[in-house]
Amino acid sequence: MKSLYKRLILDTATKSIYVALYLGDEELQVRFQEGLNDHSVTLLPMLEEMLKTIHWKLEDLDEVYIGIGPGSYTGVRIGVSVAKMIGFMHPIDIYTVSSLFLLASSSDSSEIVSFIDARRNNAFMAYYKQNNHVLTEVIGDCLENIDTFLSKVSPLATVIKQGCPKGYKVFTSHMGQKVSELHDLVPNYLQITEAERKKG
Amino acid sequence: MLVMGVETSCDESSVSIVKDGKLVLSNIVLSQIDIHQAYGGVVPEIASREHVKGITRVFDQALKKANVTLDDIDLIAVTEGPGLIGSLLIGINAAKTVALDRQIPIVGVHHIAGHIYANHISNELEFPCLALVVSGGHTELILMKEHMDFRKLGETQDDAVGEAYDKIARVLHLPYPGGPQVDYLASLGMDKYHFPRPLIDSPDYNFSFSGLKSHVINLHHNLMQRAEEFEVADFCRSFQEAVTDILVHKTKKAAKEYQVKQIIVAGGVAANKGLRKKMKEWIQDIPVFFPAMEYCTDNAAMIAVAGYHQYQKNPTSSNMMLNGNSRLNLE
Ligand SMILES: [Zn+2]
């Protein structure tokens, strides 16, 4: 078995872009861009520049970890499309990872609520406990009224709304889920579209 | 040169492989029409979701059908706009991933340039050339003096012609998409109502269809209220005669003024049989061309063909920073 996997982690499910290249658990390259809202322009040139810096090509990768939401922010589809294309072009294992987990990984608190606003007093949220850089999911990704959700978690939990992920925690916490049928990979929207809701 | 075209501007995910800007080796179109039918029109969020769901399958089928691999591709051309932004971005980023992986150039193509170049697949464009672009989003007369050179002579001031067709079809309770239904029924009916022909004699090359559309809808409403009997086919025929009279009259006038060598019709409404017939009947001294039926609606082959010419003309147009632009200008 190969000990040092070449890994790409990608998340564009929120208003920030996170791209990291890992050799095993060691972070070789990382970019975290907040608030520019230009995922479509930036993501591929950014990835290209990072790969060039360490003389890797896409085909050298062993694993790709892709943030799949939750949420239906346009950005999530950009990252997922890119990950799908990489997996389509090369026999690389693709793993999905919750964007809420990546958000939570930015914190070293022992109890974390990661939080992506969804308007109308709702948010995409998840609740994790952390011990020695390993996160355990207590409440998985959900879309819920903010107060209702927070009433279920420890008042000491840190609410994380932004922050650069610590990608190695994906590996230490075994949070990647291997994609079995690449063509079927889609973001985790957690809700049907408004049009579908209205139609009933 | 092998060009891979990618088109995701609306509700069709399409990838095509075209050789030397001419020979279509494959043109895979994954249509979402059945999904949007239930809503009576394209729902942008659903369209985006379907694109990301189907994207790699479409690439896969296009390569297999053409019997080539990504190593054989020299250039990738992708629709940059106009269109639904969320949908455009999926094709653009998928295309960029290929360009990054294979280190090949990538060009962003204007969707309407694509529709125009759909004509180049079966017929060589000759310049100066006049293009009548008619679809659900566009009604324009465009003059081309050379490849990839577009000058807009006029355009609709309100509804696009395809949009007017769809609205009339909805009022008449015809199934979605309504345009082809109206076209079919028109062939069975008579021009009983002599609807107005807005702007037909205006000195410019602009169009207006919303007044005509309202006129048709109001008459329909009145007939229904008075419980008068009428033939839907006559309604469709009368509407279609008014629309095609305007389109053909203005196209003919522009063709004469600019002394063009040929006229091409492009866009979804280029499939309209009434329009095809009248164009050929009224304009006999200048050759009129239509794309093959399969290249009238949105497809990636037309994007590959336009992209080929764009790259030939300007190789520096390759751009990894390219972005979707829902309101991209053709000129
Ligand atoms: Zn179109």
Side-chain angles (χ1 to χ4, degrees), chain A residues 8 10 12 37-52 56-61 64 66 68-69 72-90 92 94 179 181-189 191-200, chain B residues 6 8 13 15 30 35-36 38-63 69-71 73 76 78 80-81 84-103 106 108 319-325:
Chain A
L8 164 67
L10 207 59
T12 59
N37 214 0
D38 63 348
H39 298 13
S40 171
V41 178
T42 309
L43 179 63
L44 267 306
M46 184 186 271
L47 177 59
E48 184 166 38
E49 183 258 323
M50 290 167 71
L51 289 165
K52 271 191 187 142
W56 284 8
K57 292 178 177 158
L58 284 178
E59 65 199 60
D60 299 328
L61 295 170
V64 175
I66 176 67
I68 56 160
S72 53
Y73 177 65
T74 300
V76 71
R77 285 185 280 263
I78 293 175
V80 171
S81 302
V82 169
K84 283 184 87 163
M85 287 303 291
I86 296 172
F88 162 66
M89 293 188 290
H90 301 292
I92 296 170
I94 310 292
V179 174
E181 178 50 67
L182 178 81
H183 288 309
D184 291 336
L185 173 60
V186 290
N188 175 25
Y189 300 109
Q191 60 181 342
I192 60 172
T193 63
E194 204 177 316
E196 287 165 299
R197 216 165 28 240
K198 279 185 184 152
K199 194 167 69 105
Chain B
V6 180
T8 60
S13 323
V15 175
L30 179 63
I35 295 158
H36 297 286
Y39 304 95
V42 176
V43 182
E45 173 67 17
I46 294 178
S48 301
R49 290 185 179 196
E50 291 299 315
H51 282 302
V52 70
K53 194 198 270 181
I55 194 72
T56 48
R57 277 202 180 88
V58 182
F59 274 88
D60 190 35
Q61 288 172 25
L63 289 164
T69 72
L70 281 173
D71 290 329
I73 307 296
I76 186 153
V78 59
E80 187 177 356
L84 301 172
I85 189 68
S87 294
L88 287 165
L89 296 187
I90 293 160
I92 288 171
N93 281 278
K96 280 190 188 183
T97 313
V98 176
L100 160 62
D101 189 58
R102 298 299 140 133
Q103 293 293 302
I106 177 169
N319 179 15
M320 275 296 268
M321 301 289 282
L322 94 94
N323 195 12
N325 181 348

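Treat the numbers as computed from the prediction; the structure is a model and nothing was measured. Numbers restart at 1 for each chain; the letters A, B, ... are given by sequence-line order, proteins then strands.
Counting only distance, with no hydrogens or angles, the side chain of B:Thr8 and the backbone of B:Ser87 share a donor-acceptor pair below 3.5 Å. Counting only distance, with no hydrogens or angles, the side chain of B:Asn93 and the backbone of B:Leu89 share a donor-acceptor pair below 3.5 Å.
For the options A:Pro45, A:Ser81, A:Ser40, A:Gly79, heavy-atom pairs under 4.5 Å to chain B are most numerous at A:Ser40. Among B:Asn323, B:Asp101, B:Leu63, the residue making the largest number of heavy-atom pairs under 4.5 Å with chain A is B:Asp101. Contact count versus chain B (heavy atoms, under 4.5 Å) is highest, among A:Glu59, A:His90, A:Lys57, for A:His90. Interface check for chain A: of the options B:Met321, B:His51, B:Arg102, the most heavy-atom pairs under 4.5 Å are formed by B:Met321. Ranked by heavy-atom pairs shorter than 4.5 Å toward chain A, the options B:Gly86, B:Ala94, B:Gly91, B:Ala99 are led by B:Ala94. The candidate with the highest count of non-hydrogen atom pairs below 4.5 Å against chain A, out of B:Ile90, B:Ile92, B:Ile55, is B:Ile90. Interface remark: of the candidates A:Thr74, A:Thr193, A:Asp38, A:Thr193 forms the most heavy-atom pairs closer than 4.5 Å to chain B.
Heavy atoms of B:Asn319 lying under 4.5 Å from chain A are absent altogether. When heavy atoms are compared at a cutoff of 4.5 Å, B:Leu88 does not approach chain A at all. Looking at B:Arg49, the atoms closer than 4.5 Å to chain A (heavy atoms on both sides) sit in the backbone and in the side chain alike. Looking at A:Glu196, both its backbone and its side chain come within 4.5 Å of chain B, counting heavy atoms on both sides. Contacts between B:Tyr39 and chain A at a heavy-atom distance below 4.5 Å involve the side chain alone, from C-beta outward. For chain A, the nearby part of B:Val43 is the side chain; its heavy atoms alone come within less than 4.5 Å. Of the atoms belonging to B:Leu322, it is backbone heavy atoms, and not side-chain ones, that fall under 4.5 Å from chain A. Using a 4.5 Å cut-off between heavy atoms, B:Ala38 contacts chain A through both its backbone and its side chain. In this structure, the portion of A:Val186 lying under 4.5 Å from any heavy atom of chain B is its side chain and not its backbone.
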With side chain to side chain contact (heavy atoms under 4.5 Å, CB included) as the criterion, how do A:Leu58 and A:Leu51 come out once you've worked through the C-alpha distance, each side chain's angles and the decisive distance to 0.1 Å? CA-CA 8 Å; A:Leu58 284 178; A:Leu51 289 165; 3.8 Å; yes
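Considering all non-hydrogen atoms of both residues, B:His36 and B:Val42 come closest at ND1-CA, 3.6 Å. Closest heavy-atom contact between B:Met320 and B:Ile106: SD-CG2, 4.1 Å.
You'll find the side chain of B:Arg57 stays beyond 4.5 Å of the side chain of B:Leu30, heavy atoms only.
Ring geometry for A:Phe88 against B:Phe59 counts as tilted: the plane angle lies between 30° and 60°, on a 0 to 90° scale.
The pair B:Glu50-B:Lys53 meets the salt-bridge criterion, since a charged nitrogen lies less than 4.0 angstrom from a carboxylate oxygen. Taking a cutoff of 4.0 Å between a charged side-chain nitrogen and a carboxylate oxygen, A:Asp184 and A:Lys84 do not qualify as a salt bridge.
Between the side chains of B:Gln103 and A:Glu48, at least one donor-acceptor pair of N or O atoms lies under 3.5 Å.
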